[in-house]
Q: 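First the structure, which I've put down as structure tokens, then a few questions once you've had a look.
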There are 2 protein chains.
Amino acid sequence: MINTQMFRAKNGEITPEILAVAKREYRDAEDIRKEVAAGTICIPANINHKNLQPMGIGRSLTTKINANIGNSSLSSCPNTELKKLKQAVKYGADTVMDLSTGGNINVIRKTIIENSPVPIGTVPIYEALARIDSPNDLTDELILEVIQEQAEQGVDYMTIHAGLLREQIPLAKKRKLRIVSRGGSIMAKWMQDENRENPIFERFDDILKICAKYDVTLSLGDGMRPGCLADASDEAQFAELKVLGDLVRRCRAANVQSMVEGPGHIPFNEIEMNMKKEIELCDDAPFYILGPVVIDCAPGYDHYTSGIGATMGAYHGAAMLCYVTPKEHLGLPNSRDVRDGVIAYKIAAHAADVANKLPHAQDRDDAISDARAAFDWEEQFNLAIDPDKARELRAEAIEEQNMEVEDKSKHVKADGDDEHYCTMCGPNFCSMRISKEL
Amino acid sequence: MINTQMFRAKNGEITPEILAVAKREYRDAEDIRKEVAAGTICIPANINHKNLQPMGIGRSLTTKINANIGNSSLSSCPNTELKKLKQAVKYGADTVMDLSTGGNINVIRKTIIENSPVPIGTVPIYEALARIDSPNDLTDELILEVIQEQAEQGVDYMTIHAGLLREQIPLAKKRKLRIVSRGGSIMAKWMQDENRENPIFERFDDILKICAKYDVTLSLGDGMRPGCLADASDEAQFAELKVLGDLVRRCRAANVQSMVEGPGHIPFNEIEMNMKKEIELCDDAPFYILGPVVIDCAPGYDHYTSGIGATMGAYHGAAMLCYVTPKEHLGLPNSRDVRDGVIAYKIAAHAADVANKLPHAQDRDDAISDARAAFDWEEQFNLAIDPDKARELRAEAIEEQNMEVEDKSKHVKADGDDEHYCTMCGPNFCSMRISKEL
């Protein structure tokens, strides 16, 4: 049974989901329908995910961001993950991936799906691995079983590493960091140890059948994504990308929605080329990129090093950005890291949308500029991407200023939000006020 | 008397400063000499600034960053400013501007110059204003007096707003935020109230004489820099930039080194065009840009919104980046903000240098990638742009992991820096370790 947005779009139907996406994006519904039919826009919406607010992912739409949550092998509390979900959505994540690898995976995911207004993605191989003792015990039947269960449960999109083939492994061995994708490294090791081709590639048609039934969008994972600048844009990466393009075409033929995952670590000057290559090799399937990090030597700041790359990527066509947190390369993110990562990516996505002149993209910036001209602090906070942070820093500045005033006892204390200056130039030489008098 | 690097370079001399720059940049000294003679590289080095470590600013060199320090009208302690100087230099500022506007300006600046290994910049009009009661009391004689005193004291470069002319003021009135440069807004108000042309423009030849004597580099300020996306790349901005180009040519004729200051707030898609326009209108004088911020609606994160723009700017030719702190648009930065701003800009500059394939730019990234492959945590920290932050986040991740382990009492506690995984994938499924086994 085929029950997908793509199938219905191909048959000329403007589904409620297509209509919702068109409205949200200020676009014509018929245009969206055409792109869903062609596969250049996907709308991840599992038929069993109730309470989902439909959203679309595609180069012509606003840039979306994904936040990862999920437990490690060391914790197993659904409430902890539910809190992370709510925080990610509050700060603006458009989709959330549950990357749990620890205990209680099934219950955690059920709780997350039931409570999520945004599409939920998973990496089914993580659950498959949690069910066995050693990665070498992996079988194609187990992988299909997990995909079937997760699809039935309502997962909207799944990352599968179907494009990493045996013939690419020698290419990875030439690299400084070989394979940094967890799923990719496990599949490569399995193929080598078992002396067999990638089972996810070999059973791709069976996977397509499951996805067609529940309308699971396939996110074609890049197991060969480069893990450092030295490995960027190399043979291994592009050999896999070419296979991913073939898989996109197979998805479309089976009426299954798909997107393609991208790098990783790429120097700033190679990002445009990487985006164009995906459009060309994968027939403009929505490109879902991880950063990319543009330098390797700033651990602790990789939400930012990758946010620079993400902006450039989205400007040149990436459709969705997978966030990176400040803990990347150092450890698992905590709640503060999740917030920092989501905000960094909202900024990157918005910067690209403004640059690409998407409908109404700059409205919020123009409104906050008007609020600045009017010294309307409350309105500036309300329009900020992170109002809490803006309030906090403003309060800190006023407090520090007042401490200095107390030392001097010759200046008037700042009242806070009705001030007609921002403490940057001080009350006497506020450029905004002076130039208003022109 | 003409005593400048440019004058000597024009006469064929490879000065010790030129030699030092060539060595630092892995470049041929004769090439640097030619560019200093042509004015496409400047070496801000006042003859009275002892203990200066010479550095060059130009499109063909590594991207430099500037950090602003300086007191407000409410504080006046040289030690506070000295601490800020040391912090800025520690984290990697290539130049520091003292923007003091409060009391004790002269003593503060003297202390800073004596203690600074990096070039010091100022905005002389701030001190001029501090000496009078009202901006309308400003005279050209006072401005020249302050410039002379600061030059004699050893200031390496000075921002002067000579390019903002009367005829441009009507253009600014069309803007959402008019004039956001403090110096620019004051000069515009003065010109309008006094019904006179810009005195800094009118006395430009006298200023050049002072600069030639002490080798003060002129940083031609952009009083008309846009203060929001809505005002970006407009008539006012480019009318002033054209005048700045004329002033560059007058500087060069007088053997005075110069650079040009740039925006501000510019959407990501217009940055390349802005860089090219400066190269064209200002004959490739080193471009010293402030960000630019690429969206207006993220107060609290403008070190990052502007770092995105700064990377793009440096990639397309900007020579020096003036840092922006998280407090921008909210208040005066404190010591934490200075650190965050400097690090953000080190990252932007480095990302652009790697992208532009400058000699040895990627060495540090390749070395940290090797350390990652070897699980050598200590080496990773040492190679990090901010080792303190990397250590701190890693320690936090390990601590949080151990807390979970205590809850479970079934896993082995992490030892810290000799671990062969980073807690991201956990000990069982570390992609780096697994792919090493290939």
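Per chain, numbering begins at 1; letters A, B, ... match sequence-line order.
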Q: Can you say whether Glu392(A) sits under 4.5 Å from chain B via the side chain, the backbone, both, or neither, judging by heavy atoms?
A: neither
Q: Would you mind checking which part of Pro387(B) comes under 4.5 Å of any heavy atom in chain A, side chain (CB onward), backbone (N, CA, C, O), both or neither?
A: neither
Q: Of the backbone (N, CA, C, O) and the side chain (C-beta and beyond), which part of Tyr304(A) lies under 4.5 Å from a heavy atom of chain B, both, or neither?
A: both
Q: Heavy-atom distance under 4.5 Å to chain A: side chain of Lys346(B), backbone, both or neither?
A: neither
Q: Check each atom of Lys173(B) against the heavy atoms of chain A and say whether the ones under 4.5 Å are side chain, backbone, both or neither.
A: side chain
Q: Given a strict heavy-atom distance threshold of 4.5 Å, which part of Asp193(B) is in contact with chain A: side chain, backbone, both, or neither?
A: neither
Q: Begin with the C-alpha distance, continue with both residues' side-chain angles, and end with the deciding distance and a verdict on side chain to side chain donor-acceptor pair (under 3.5 Å) for Tyr301(A) and Asp386(B).
A: CA-CA 9 Å; Tyr301(A) 296 89; Asp386(B) 184 353; 2.5 Å; yes
Q: Quick check: closest heavy atoms across Gly300(B) and Leu393(A), and the distance to 0.1 Å?
A: CA-CD1, 3.7 Å
Q: Would you compute the distance between atom OG of Ser369(B) and atom NZ of Lys176(A) and round it to the nearest 0.5 angstrom?
A: 6.5 Å
Q: Ile368(B) versus chain A, heavy atoms under 4.5 Å apart: side chain, backbone, both or neither?
A: side chain
Q: Which answer fits Gln362(B), side chain, backbone, both or neither, if we ask what part of it has an atom under 4.5 Å from a heavy atom of chain A?
A: side chain
Q: Heavy-atom cut-off 4.5 Å, strictly under: side chain, backbone, both or neither for Leu383(B) against chain A?
A: backbone
